[in-house]
2 protein chains.
Amino acid sequence: MSVPSPIIEPRHGQRSAFVTEHVRDLIVSGELKPGSRINERILVEKLNISRTPLREAFKVLEGEGLVSIRPNVGATVVALTLEAVEDSIEILIGLESIGAERAARRATPEAIEEITQLHERMVEAFQSHELMSYFHLNQEIHQKIIDAAQNAALSRVYAGESARIRRFRFAGNNDLNRWDRAVREHEQILDALVRREGPLLREILRAHHLSGWRAARLALEQTPSGEP
Amino acid sequence: MSVPSPIIEPRHGQRSAFVTEHVRDLIVSGELKPGSRINERILVEKLNISRTPLREAFKVLEGEGLVSIRPNVGATVVALTLEAVEDSIEILIGLESIGAERAARRATPEAIEEITQLHERMVEAFQSHELMSYFHLNQEIHQKIIDAAQNAALSRVYAGESARIRRFRFAGNNDLNRWDRAVREHEQILDALVRREGPLLREILRAHHLSGWRAARLALEQTPSGEP
DNA sequence: GTACTTTATTTTGCATGCAATACGCTCGCT
DNA sequence: AGCGAGCGTATTGCATGCAAAATAAAGTAC
């Protein structure tokens with residue numbers, strides 16, 4: 001998957017944000033290889049912007065854990081090991097455990113309605129085999145459940161950690177059996193939320209993530225480099 | 001507490017990091033007031049550096065949640081509400097719960113030894129009433145316990161969230177009774193870790209944070225602005 | 001041929017200047 | 001006096017140039 005080059009110049013005051021988003025996509029899509037150094041000049045020419053916003057983007061992405069900056073050397077795409085991803089998954093599960101019980105208690109009817117609609121759209125994406133849109137809706141549902149817990153810190157931390165390892169989780173969706181199973185698990189998740197059964201929701205989410213990661217890990221271990 | 005101005009110029013390739021640290025101190029110490037806009041020119045003159053590294057520092061601090069950047073307006077010191085801090089505390093407790101059980105199982109003897117030494121230094125600081133050094137050692141102990149769990153993502157997320165609200169937690173240490181109690185709680189924490197009693201460690205840590213935050217919150221509610 | 005200097009080139013880090021935007025102020029109007 | 005339009009100033013966003021450092025290349029000794 002290739003990230004298109006910008007045709008229209010971003011407006012004044014949004015260059016930095018634009019560049020950040022673009023470089024993030026380049027990393028997440030794998031176009032910038034994990035472990036490789038990022039040459040500023042090349043990217044600057046490609047994106048048609050100056051080095052200033054690019055270097056600001058690097059700082060942001062470093063905060064997100066996508067690149068690492070060494071003084072006088074520059075930015076390097078972080079190469080995550082499977083173990084590091086597993087660490088993140090464990091934290092995500094922990095955060096969802098915290099969020100699940102709170103969400104079951106505190107979710108507004110509007111939030112539940114929104115999640116239900118997302119769920120239905122996700123099922124549609126599944127039925128028409130639109131993997132990409134399924135994947136995004138899936139992620140969004142999990143984030144919305146967390147948001148329903150109404151803890152700003154939780155939402156922020158979860159979003160950050162989730163973004164970090166997004167590309168790795170994508171790998172698990174290739175198998176159709178797994179995909180089908182994931183959708184059924186999501187049915188249960190929604191059901192538990194609607195019935196506001198906190199502990200149940202927590203356990204389903206936990207199992208859901210574990211089986212999802214098992215599938216992703218299997219797929220990832222096939223690739224020789226250990227990269228998505 | 002006032003943050004001293006730099007006398008020696010930081011070395012090439014470290015200006016940005018230096019500025020980040022300095023501005024972070026200015027925010028944490030309260031010298032830059034929550035909710036106020038940060039004027040680049042003034043800081044640039046004060047720190048004797050150019051705007052480039054300062055603006056990079058803003059991006060980093062934005063990632064840490066200490067400032068918010070609006071396009072064409074600039075950086076504003078984030079004003080946390082007590083509710084937002086409470087949200088973070090809840091996450092920190094959750095993260096320590098995850099970390100506690102793992103740490104009890106996986107902590108190396110070296111890690112335990114290191115934490116024991118930190119604890120002893122902390123007790124000394126307490127006995128000689130060195131509040132600042134007590135506070136820092138206290139924070140370091142909690143981080144080291146988390147680190148002992150050997151989950152890189154956990155360490156990173158915990159460190160970030162902990163830094164965000166550091167200045168608020170400081171407020172709870174003013175009362176000598178509370179201080180004494182906290183030290184005794186830390187004795188128990190260390191004991192549970194040494195004996196590798198995960199669930200116990202988890203519960204003590206939880207209670208420790210809750211009572212600490214209760215004290216801090218009380219102190220903070222006295223101040224009219226709700227700021228430390 | 002290999003290992004170690006020394007030099008040239010590239011690349012990064014920072015300072016600075018210009019353009020775009022936001023902010024404050026005066027002035028006119030009601 | 002209160003309010004809004006227009007203008008001037010201050011401030012931010014970005015591009016660019018120069019200096020420091022790192023990397024690559026050439027040369028030299030062994």
Side-chain angles (χ1 to χ4, degrees), chain A residues 5-24 26-27 31-64 66-79, chain B residues 5-24 26-27 31-64 66-79:
Chain A
S5 283
I7 298 157
I8 317 160
E9 289 273 307
R11 290 184 50 197
H12 182 87
Q14 308 199 350
R15 284 224 199 350
S16 180
F18 163 82
V19 173
T20 304
E21 205 167 322
H22 200 92
V23 176
R24 188 191 294 116
L26 288 174
I27 294 173
E31 210 158 322
L32 287 171
K33 302 257 158 46
S36 69
R37 279 176 60 178
I38 304 175
N39 187 303
E40 289 182 5
R41 188 178 47 78
I42 294 172
L43 261 183
V44 157
E45 287 168 8
K46 186 169 177 177
L47 300 183
N48 216 39
I49 39 87
S50 79
R51 288 173 55 213
T52 309
L54 177 59
R55 291 177 53 79
E56 290 183 359
F58 285 162
K59 292 288 180 182
V60 173
L61 296 171
E62 185 182 37
E64 295 177 8
L66 290 174
V67 310
S68 106
I69 300 176
R70 277 171 301 171
N72 300 319
V73 174
T76 304
V77 182
V78 166
Chain B
S5 283
I7 299 156
I8 317 161
E9 290 272 308
R11 290 184 47 198
H12 182 87
Q14 308 199 349
R15 285 227 199 348
S16 179
F18 163 81
V19 173
T20 304
E21 205 167 322
H22 201 91
V23 177
R24 188 191 293 115
L26 287 174
I27 294 173
E31 210 158 322
L32 287 171
K33 302 255 158 45
S36 69
R37 279 178 59 181
I38 304 176
N39 187 305
E40 290 182 3
R41 186 179 48 78
I42 293 172
L43 261 184
V44 157
E45 287 169 7
K46 187 170 177 178
L47 300 183
N48 216 41
I49 40 86
S50 81
R51 287 174 56 215
T52 309
L54 177 59
R55 291 176 54 78
E56 290 183 358
F58 285 162
K59 292 287 180 182
V60 173
L61 295 171
E62 185 182 36
E64 295 177 9
L66 290 175
V67 311
S68 103
I69 300 177
R70 277 172 300 172
N72 299 320
V73 175
T76 304
V77 182
V78 167

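Worth knowing before you read on, the calculation uses all heavy atoms, side chains too, and leaves out hydrogens, waters and symmetry mates.
As a whole-Å value, the separation of B:Arg55 CZ from D:dT12 C1' is 6 Å. What separates CD of A:Glu56 from P of C:dG13 is a distance of 14 Å, to the nearest Å. Rounded to an integer number of Å, the gap from A:Asn39 CG to C:dT9 P is 18 Å. Rounded to whole Å, atom C1' of D:dT12 lies 12 Å from atom CG of B:Leu54. Taking atom CZ of residue B:Arg41 and atom P of nucleotide D:dT12, one finds them 9 Å apart after rounding to whole Å. Look at CD1 on B:Ile42: it is 13 Å from P on D:dA10, rounded to the nearest Å. Look at NZ on B:Lys59: it is 7 Å from P on D:dG13, rounded to the nearest Å. Regarding B:Ile69, its CD1 atom lies at a distance of 17 Å from the C1' atom of C:dA22, rounded to whole Å.
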- Message: At under 4.0 Å between heavy atoms, how does the protein contact nucleotides 16-25 of chain D? Give one character per nucleotide, 5' to 3', with B, S or -.
- Response: BB--SSSS--
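Annotation: B:Glu21, atom CD; neighbour count of heavy atoms from other residues, nucleotides and ligands within 6.0 Å does not exceed 12.
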For nucleotides 6-8 of chain D, list the nitrogen or oxygen atoms of the protein found under 3.5 Å from its nitrogen or oxygen atoms, one pair per line.
none

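Checking side-chain atoms of B:Arg37 against main-chain N and O of B:Val73 turns up a donor-acceptor pair under 3.5 Å.
With values rounded to the nearest 0.5 angstrom, A:Arg51 atom CZ is found 4.5 Å from A:Glu40 atom CD. Atom CD of B:Glu56 and atom CD of A:Glu62 lie 10.0 Å apart (nearest 0.5 Å). Here CD1 of B:Ile27 is found 9.0 Å from CD of B:Glu64. Values are rounded to the nearest 0.5 Å.
Closest approach to the A:Glu40 side chain among C:dT12, D:dC14, C:dA15 is made by C:dT12 (side chain taken as heavy atoms from C-beta onward).
With a 4.5 Å cut-off on side-chain heavy atoms, A:Arg55 and B:Ser16 do not count as touching.
For A:Asn39, the side chain to side chain contact (heavy atoms under 4.5 Å, CB included) criterion is met by A:Arg41, A:Ile42, not counting sequence neighbours.
Nearest heavy atom pair, residue A:Phe58 against residue A:Ile38, reads CZ-CG2, 3.7 Å.
Of the listed residues (A:Leu32, A:Leu61, A:Val23), just one forms a side-chain contact (heavy atoms from CB on, under 4.5 Å) with A:Val77, and that residue is A:Leu32.
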